[in-house]
Amino acid sequence: MIEAIQSSLHFLISGFAALTWQMAVMIAVGCLLLYLGIAKDYEPLLLLPIGFGAVLVNLPLTGMMDEHGLLRFFYDTGVLTEVFPCLIFVGIGAMTDFRPLLTRPSILLLGAAGQFGIFLTIILALALGMSQLDAVAVGVIGACDGPTAIYVTSQYAPHLLGPVSVAAYSYMSLVPLLQPPIMRVLTTEKERKIVMKATKEKVSQTVCILFPIAVTIVTCLIAPKGAPLMGMIMLGNLMRESGVVSRLVGAAENEIPNVVTLLLGLSIGATMQADKFLNTTTLLVLGLGMLAIILDTAMGILFGKLMCLVTKGQVNPLIGAAGISAYPMAARVAQVQGQRYNKRNYLLMHAMGANTGGQVGSVMAAGIMLSILQGLGLG
């Protein structure tokens, strides 16, 4: 009887005995993500399940990421197969209105300019000795687009999925803090006060329906490897604009992304195991990811200044900061900063055009990079 009790007590305390300081650190990191999501409201839909997943996977002897573990099942089924990011993109497409972009198509150029930081960061990562695949995974953080970062990283650098995902979503939530200082440094007070005229043109329903079809065909012919991402976001948008599948649109906006976001967050957290996360590579990823977003923002603003010069003061360069894919957060930041310097400034719709252009641009940039990797025999 005494031996049975001793055996039971040993089993009960074995978890404590197996707990290493590295695991404790990662449990604390998971709790920090929970704090940021709950108390600070930083991307709670992602940071809460990511944080809890990080806590779960670092509890010793739970087997959550073992061959038949629960988190391993979610990870293998949804992340490695790229199903989760693609399903999220259906929801993003269903919630995106491209009309602000279509009323002023030239704004799309800001969405393209906002991706240059990705390529600059890739060059820097290669110079620092990272492999080509790792450099691409790190650079795409600059798109400020979590699903795209996860999609690219899960294909070519799955060992970096944890730090890349955490960086992408954490920095996306910090856009209101990161962008304003860059806006102030790169623009003059006169430029920040520029009032942009509202466009009076209205986009027909036919154009709105044809847009996602045309974008899918053209972009997938240019960068075939981007078809899963571009196809899903444009499918969601086509369902929205067609007006004939309201039930599917409702599911794409609510039920599907809610379930997928939960499982995706847990799967990302599951990659944050102490033995894989606590290393210098993680710090490098976090640092380069921050730099990528700063460069993307800067390039968008600088191109906005060029458009301002070409149009003789008709474009406020602040909307260039919305050329990243943090939708609609980056557009709101541009609006707030514009109003701060000129109360008559209403930049939101113009910035939304740049922001939706940034969404298309980030997916296109990812598709181009994946196609190049495939052409080099690395994909």
Side-chain angles (χ1 to χ4, degrees), residues 36-37 40-47 88 91-104 107-111 113-115 117 141-148 168-187 191-199 233 237 240 253 257 261 290 292-294 296-301 303-305 307-308 315-362:
L36 293 175
K40 297 299 183 180
D41 199 33
Y42 291 161
E43 294 294 325
L45 291 178
L46 259 300
L47 291 190
I88 293 249
I92 292 174
M95 291 183 277
T96 300
D97 184 1
F98 285 109
R99 285 177 176 79
L101 175 63
L102 293 172
T103 56
R104 195 165 189 167
I107 296 296
L108 180 63
L109 296 175
L110 292 174
Q115 313 309 314
I141 296 173
C144 232
D145 184 348
T148 299
Y169 282 106
S170 298
Y171 294 156
M172 186 166 63
S173 67
L174 294 176
V175 161
L177 298 177
L178 293 174
Q179 287 196 325
I182 305 171
M183 292 172 159
R184 289 192 293 271
V185 169
L186 295 180
T187 59
E191 288 172 335
R192 294 192 288 269
K193 289 182 177 180
I194 292 175
V195 176
M196 293 184 67
K197 296 180 181 179
T199 53
I233 192 172
N237 188 252
R240 166 197 171 100
E253 289 180 334
T261 298
M290 173 75 77
I293 291 176
I294 291 173
D296 271 1
T297 300
M299 293 303 294
I301 294 172
F303 196 84
K305 289 170 71 73
M307 291 184 69
C308 177
V315 174
N316 189 315
L318 291 178
I319 68 171
I324 59 176
S325 189
Y327 180 86
M329 195 181 305
R332 290 172 182 163
V333 172
Q335 165 70 8
V336 169
Q337 293 302 307
Q339 287 255 296
R340 179 178 177 181
Y341 294 97
N342 187 343
K343 296 298 182 182
R344 298 185 300 109
N345 228 340
Y346 295 95
L347 299 176
L348 185 60
M349 293 308 293
H350 303 288
M352 289 286 279
N355 213 177
T356 52
Q359 281 194 307
V360 175
S362 67

Looking at G146 and A168, what are the two nearest heavy atoms and their distance? CA-CB, 4.2 Å

Atom of A94, atom of E253 and distance for their closest heavy-atom approach: O-OE2, 3.2 Å

Under the salt bridge (charged side-chain N to carboxylate O under 4.0 Å, His left out) test, which residues partner K193, sequence neighbours left out? E189

Sub-4.5 Å side-chain heavy-atom contact between L108 and L101: yes

Without swapping roles, check the side chain of Q115 against the backbone of G111 for a donor-acceptor pair under 3.5 Å. yes

Starting at CG of N355, measure out to CG of L110 and round the result to the nearest 0.5 Å. 11.0 Å

Looking at side-chain heavy atoms only, is the closest gap between T148 and S325 below 4.5 Å? no

What pair of heavy atoms forms the shortest contact from A113 to M299, and how long is it? O-CB, 3.5 Å

In short, T187 meets L318 closest at the heavy-atom pair OG1-CD2, 4.1 Å

Going through the checks in order, is the side-chain contact (heavy atoms from CB on, under 4.5 Å) test met by T356 and D97? CA-CA 8 Å; T356 52; D97 184 1; over 6 Å; no

Evaluate the side-chain proximity of I301 to M183: yes if any heavy-atom separation is below 4.5 Å, no if none is. yes

Where is the tightest heavy-atom contact between N316 and I194, given as atom of each residue plus distance? ND2-O, 2.9 Å

Could you tell me whether the side chain of P180 reaches within less than 4.5 Å of the side chain of V333, counting heavy atoms only? yes

Sorted by chain and residue number, the side chain to side chain contact (heavy atoms under 4.5 Å, CB included) partners of R340 (sequence neighbours excluded) come out as R184, Q337

Looking at CZ of R192 and CG of L347, how far apart are the two atoms once the value is rounded to the nearest 0.5 Å? 12.5 Å

Is there a side-chain contact between L178 and T297, using heavy atoms and a 4.5 Å cut-off? no

From L47 atom CG to D41 atom CG, the distance as rounded to the nearest 0.5 Å: 10.0 Å

Taking the side chain from H350 and the backbone from K197, do they hold a donor-acceptor pair closer than 3.5 Å? yes

Distance from I324 atom CD1 to Y171 atom OH, nearest 0.5 Å? 13.5 Å

Nearest heavy-atom contact between A322 and A330 is CA-CB, 3.8 Å

I need the single residue from I141, L45, L46 that forms a side chain to side chain contact (heavy atoms under 4.5 Å, CB included) with Y169. Which is it? L46

Residue pair M349 / T103, side-chain heavy-atom distance below 4.5 Å: no

To the nearest 0.5 Å, tell me how far F98 CZ sits from R240 CZ. 9.5 Å

Please confirm whether the backbone N or O of L186 pairs with a side-chain atom of K305, one donor and one acceptor, at under 3.5 Å? yes

